[in-house]
Amino acid sequence: MTSAARTAPGPDPDQALRLDPASRPGRAARLLAAGRRHRADLLAGLLFAVLAGWLTHGLWPPGQRVLALNPADQTLYEWFLAADSRAVFGDFGLITDRLNAPDGVNLMANTTVIALGVLLAPVTLVLGAPVTFAVLAAANLAGTALAWYLLFTRTLRARRLAAGLGAALCGFGPGMVSQSNAHLHMTAQWLVPVIVWLVVRLLRAADPAGRPHGPDRRRLATSSLGLAVTVTLQVFIGEEVLFLTALTLLVMAVAYGLADPSLLRRALPGFAGGLMCAAGLALFVLAYPLWHQFAGPQGISDGMFSPRYFSADLTSWTRLSSLSVLGGADTARLTTGPAEFNTFLGWPLLLVAVGCAFWLGRRALVVACLAGALVMAALSLGPEVVVGGERTGVPGPYALLAGLPVVDGALPTRFGLAVLPLVGTVLTLAVHRALGERGRARRLVPLAVGAALLSVFPAPLPTTDRPPLPEFVSGGHWRQCVRPGGVLVPVPTATPKDPWPMRWGTAADAAFGMPEGFFIGPYGRNGSATMGTYQRPTSALLAEVARRGVAPAVGDRQRRQAARDIEFWGASCVALTDDAPHAETLRRTLEQLFGPGTRIADAWTWRF
């Protein structure tokens with residue numbers, strides 16, 4: 001191969017966005033190229049899978065290991081996966097009575113990853129929800145990276161090395177790794193590149209340039225239909241990711257149109273019509289689920305998390321996450337929790353990204369990426385700018401959106417997640433261009449990008465031993481106590497602060513109901529969203545005993561109240577296992593409330 005052949009520039013990614021499929025090489029050439037490309041794709045997928053497996057290896061074996069930094073949310077998501085798996089038996093609805101009995105839980109109002117739970121229901125039913133969770137924790141990272149890699153190589157027609165570097169940031173950036181601390185709905189972003197591809201496909205079809213008969217109406221129709229299907233599926237995986245994607249694409253579309261006004265004039269009518277068609281089709285399918293989410297039983301119409309609290313510190317953009325190899329533990333003070341290192345890109349990556357953007361010049365795609373990144377980064381700062389942990393009193397751009405429907409349900413700091421693929425795209429474009437040149441840029445740019453990515457290289461997720469389940473649950477002895485579809489009351493009951501009893505329902509594939517628990521419901525003031533529900537008097541009494549270990553005074557009033565609570569819950573059985581805190585004091589209290597208990601395996605039970 002000659003030197004000229006090695007350095008020949010590849011296709012311009014900006015031009016690739018508008019490239020008509022009819023102008024592609026012949027069929028034979030495409031088949032040969034496809035063979036080489038598929039081998040490279042398999043290698044890229046394998047590398048992403050290995051990295052994802054290494055980052056999440058601490059979760060194995062799933063029945064014995066659990067996330068150390070966010071075990072409560074992992075407990076919640078495992079319960080959701082168990083509840084979703086009931087769809088195999090036809091025992092599934094948008095409101096479930098298997099938690100918070102008898103009122104139930106609105107699954108659309110919670111981050112229940114319904115589509116993932118139903119898809120992997122066989123894994124959950126055969127191997128258990130902890131296995132499904134561990135598989136998804138790794139698969140979401142690798143799948144997201146691979147999907148961006150395919151978008152970069154197919155749609156932008158970028159070189160594979162460039163695409164691999166950019167996609168690695170999209171799938172394994174600081175925000176993605178930190179969200180892997182249980183937030184499956186945020187890391188399942190492998191449909192986002194599909195949505196972007198369909199939007200680009202819609203733009204190509206709407207552009208009449210080079211077509212004597214105007215826009216490609218058939219391609220417009222298929223793209224609109226595909227976009228509607230993908231958006232609908234994403235709603236049942238994670239609505240917050242869809243919202244962030246839509247807002248980012250809106251900003252980018254405006255910026256791209258301003259940077260390329262001729263394309264805007266040509267394609268806008270068909271492009272806007274295709275988007276409206278896709279939105280109409282999706283809303284037709286989603287009308288009832290969305291009504292159910294906001295106005296149905298146990299639905300909520302507002303967000304429950306404070307934008308002032310869940311906002312990004314301006315300083316965090318220049319620091320490295322403590323979940324990265326080079327990060328320090330001191331950066332944790334700049335975030336709201338271990339799952340929210342969404343903005344920690346660090347100086348090296350920021351400087352290289354900005355340098356690459358300036359080097360690429362005023363290309364429409366680069367301008368669009370920069371506009372999207374700046375807007376989403378600014379919105380991540382929340383309603384008031386915080387610098388180094390101190391509130392400045394300066395209002396952030398998010399203040400303009402605060403209180404709006406839907407927007408209120410998105411945490412400001414998570415707007416920073418949208419910056420990752422935009423930076424990844426700029427890095428891809430820069431490396432792609434550098435590899436096509438002969439000067440120092442051919443080596444300097446890839447080396448600079450590689451070094452910047454190494455600065456945010458993630459460390460494996462911290463894990464710890466998982467507390468064992470009681471034999472009463474793991475051995476299936478609960479069936480002797482609970483009638484089919486009945487309600488089992490664990491002592492103490494699950495709460496948002498201590499959701500561990502929900503593992504009982506998870507281990508039983510949500511075959512029985514439980515009172516109270518960890519979920520989002522309308523139990524705040526005037527029906528506003530809150531975490532969990534109020535405790536019934538009996539569960540509050542037993543929780544106090546479990547906390548303090550002091551036996552309460554139990555009289556006729558407490559016994560009558562306990563009877564009313566059992567009737568309210570529709571309980572089949574109350575169970576106290578030996579591993580409960582202050583188990584002996586709790587047993588004596590329960591005997592005073594309900595009479596002598598029956599011993600089953602390692603639990604005392606009271607049947608009703």
Side-chain angles (χ1 to χ4, degrees), residues 17 108 111 113 115 144 147-148 151 155 170 175-176 179 183 185-203 206 223-258 264 267-268 271-287 289-290 293-294 303 307 342 365 368-380 397-398 400-425:
L17 290 177
M108 289 298 298
T111 53
V113 291
T144 299
W148 281 107
L151 180 76
T155 303
C170 297
M176 288 291 289
Q179 291 291 334
H183 294 169
H185 71 298
M186 296 304 301
T187 60
Q189 295 188 23
W190 31 269
L191 280 183
V192 173
V194 179
I195 293 173
V196 175
W197 170 67
L198 288 166
V199 170
V200 172
R201 193 171 187 264
L202 199 62
L203 176 65
S223 299
S224 296
L225 178 60
L227 187 58
V229 171
T230 308
V231 165
T232 300
L233 183 58
Q234 182 62 49
V235 166
F236 292 102
I237 295 176
E239 293 177 67
E240 195 169 353
V241 167
L242 178 61
F243 169 74
L244 295 176
T245 302
L247 182 59
T248 305
L249 286 175
L250 175 61
V251 174
M252 291 184 69
V254 172
Y256 200 104
L258 294 176
L264 179 65
L268 182 59
F271 183 62
L275 288 179
M276 292 177 63
C277 180
L281 291 171
L283 285 174
F284 178 77
V285 177
L286 294 170
L290 292 178
Q293 174 179 343
F294 295 107
N342 306 309
L365 181 55
C369 286
L370 282 178
L374 289 173
V375 169
M376 300 306 280
L379 290 173
S380 74
Y398 183 88
L400 300 173
L401 305 178
L404 292 178
V406 181
V407 176
D408 215 27
L411 306 187
T413 180
R414 293 182 183 171
F415 283 75
L417 286 171
V419 177
L420 277 180
L422 299 176
V423 173
T425 302

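This is a predicted model, so every value here is computed, not measured.
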Checklist entry - Between the main-chain N or O of G274 and the side-chain N or O of S224, is there a donor-acceptor pair closer than 3.5 Å? => result yes
Item to check | Nearest atoms (heavy-atom pairs only) where G372 meets L422 | outcome: C-CD1, 3.4 Å
Checklist outcome for this item: Note: A418 and M376 closest approach over all heavy atoms is CB-CE, 3.7 Å
Checklist entry - Quick one: salt bridge (Lys or Arg N to Asp or Glu O under 4.0 Å) pairs with a partner in residues 242-251, sequence neighbours left out? => result none
Item to check | N/O donor-acceptor pair under 3.5 Å between E239 side chain and F243 backbone | outcome: no
Checklist entry - For T187, which residues count as a side chain to side chain donor-acceptor pair (under 3.5 Å) partner, sequence neighbours excluded? => result N140
Item to check | Inter-residue atom distance L191.CG - W197.CH2, 0.5 Å rounding | outcome: 12.0 Å
Checklist outcome for this item: Quick note, salt bridge (Lys or Arg N to Asp or Glu O under 4.0 Å) partners involving residues 411-425, not counting sequence neighbours, are E240-R414, E340-R414
Checklist outcome for this item: Interatomic distance, CG@L151 vs OG1@T155, rounded to 0.5 Å, equals 4.0 Å
Checklist entry - When you look at F415 and L247, which way does the side chain to side chain contact (heavy atoms under 4.5 Å, CB included) test go after all the steps? => result CA-CA 10 Å; F415 283 75; L247 182 59; 3.5 Å; yes
Checklist entry - Is the shortest heavy-atom distance from the side chain of P412 to the side chain of P307 under 4.5 Å? => result yes
Checklist entry - Heavy-atom distance under 4.5 Å between the side chains of L379 and P397, does that happen here? => result yes
Checklist entry - How far apart are the C-alpha atoms of F271 and L264, what are their side-chain angles, what is the distance that settles it, and do they pass the side chain to side chain contact (heavy atoms under 4.5 Å, CB included) test? => result CA-CA 9 Å; F271 183 62; L264 179 65; over 6 Å; no
Checklist outcome for this item: The complete set of salt bridge (Lys or Arg N to Asp or Glu O under 4.0 Å) pairs with one or both residues in residues 224-237, sequence neighbours excluded, reads none
Checklist entry - How far apart are the closest heavy atoms of M252 and C369, and which atoms are they? => result CE-SG, 3.9 Å
Item to check | Distance-minimising heavy-atom pair for C170 and G424 | outcome: SG-CA, 4.3 Å
Checklist entry - Do the non-hydrogen side-chain atoms of L417 and Q179 ever get within less than 4.5 Å of each other? => result yes
Checklist entry - Sequence neighbours excluded, which residues qualify as side-chain contact (heavy atoms from CB on, under 4.5 Å) partners of S223? => result R201, L202, R219
Item to check | Counterpart residues, side-chain contact (heavy atoms from CB on, under 4.5 Å), relative to A267 (two or more places apart) | outcome: L203, A206, D207, L263
Checklist entry - Does L249 have any side-chain contact (heavy atoms from CB on, under 4.5 Å) partners at least two apart in sequence or in another chain, and if so, which? => result I195, V196, V199, T245
Checklist outcome for this item: With sequence neighbours left out, the residues meeting side chain to side chain donor-acceptor pair (under 3.5 Å) with T425 are none
Next on the checklist: Looking at every non-hydrogen atom in both residues, tell me the closest pair between A228 and L281 and how far apart they are.
Outcome noted: CB-CB, 3.7 Å
Checklist outcome for this item: When every non-hydrogen atom of I237 is compared with those of A115, the smallest separation belongs to CG1-CB, 3.7 Å
Checklist entry - Quick one: side-chain contact (heavy atoms from CB on, under 4.5 Å) partners of L286, sequence neighbours excluded? => result T232, V235, F236, A282, L290
Checklist entry - Tell me, do T111 and M186 make a side-chain contact under 4.5 Å, heavy atoms counted? => result no
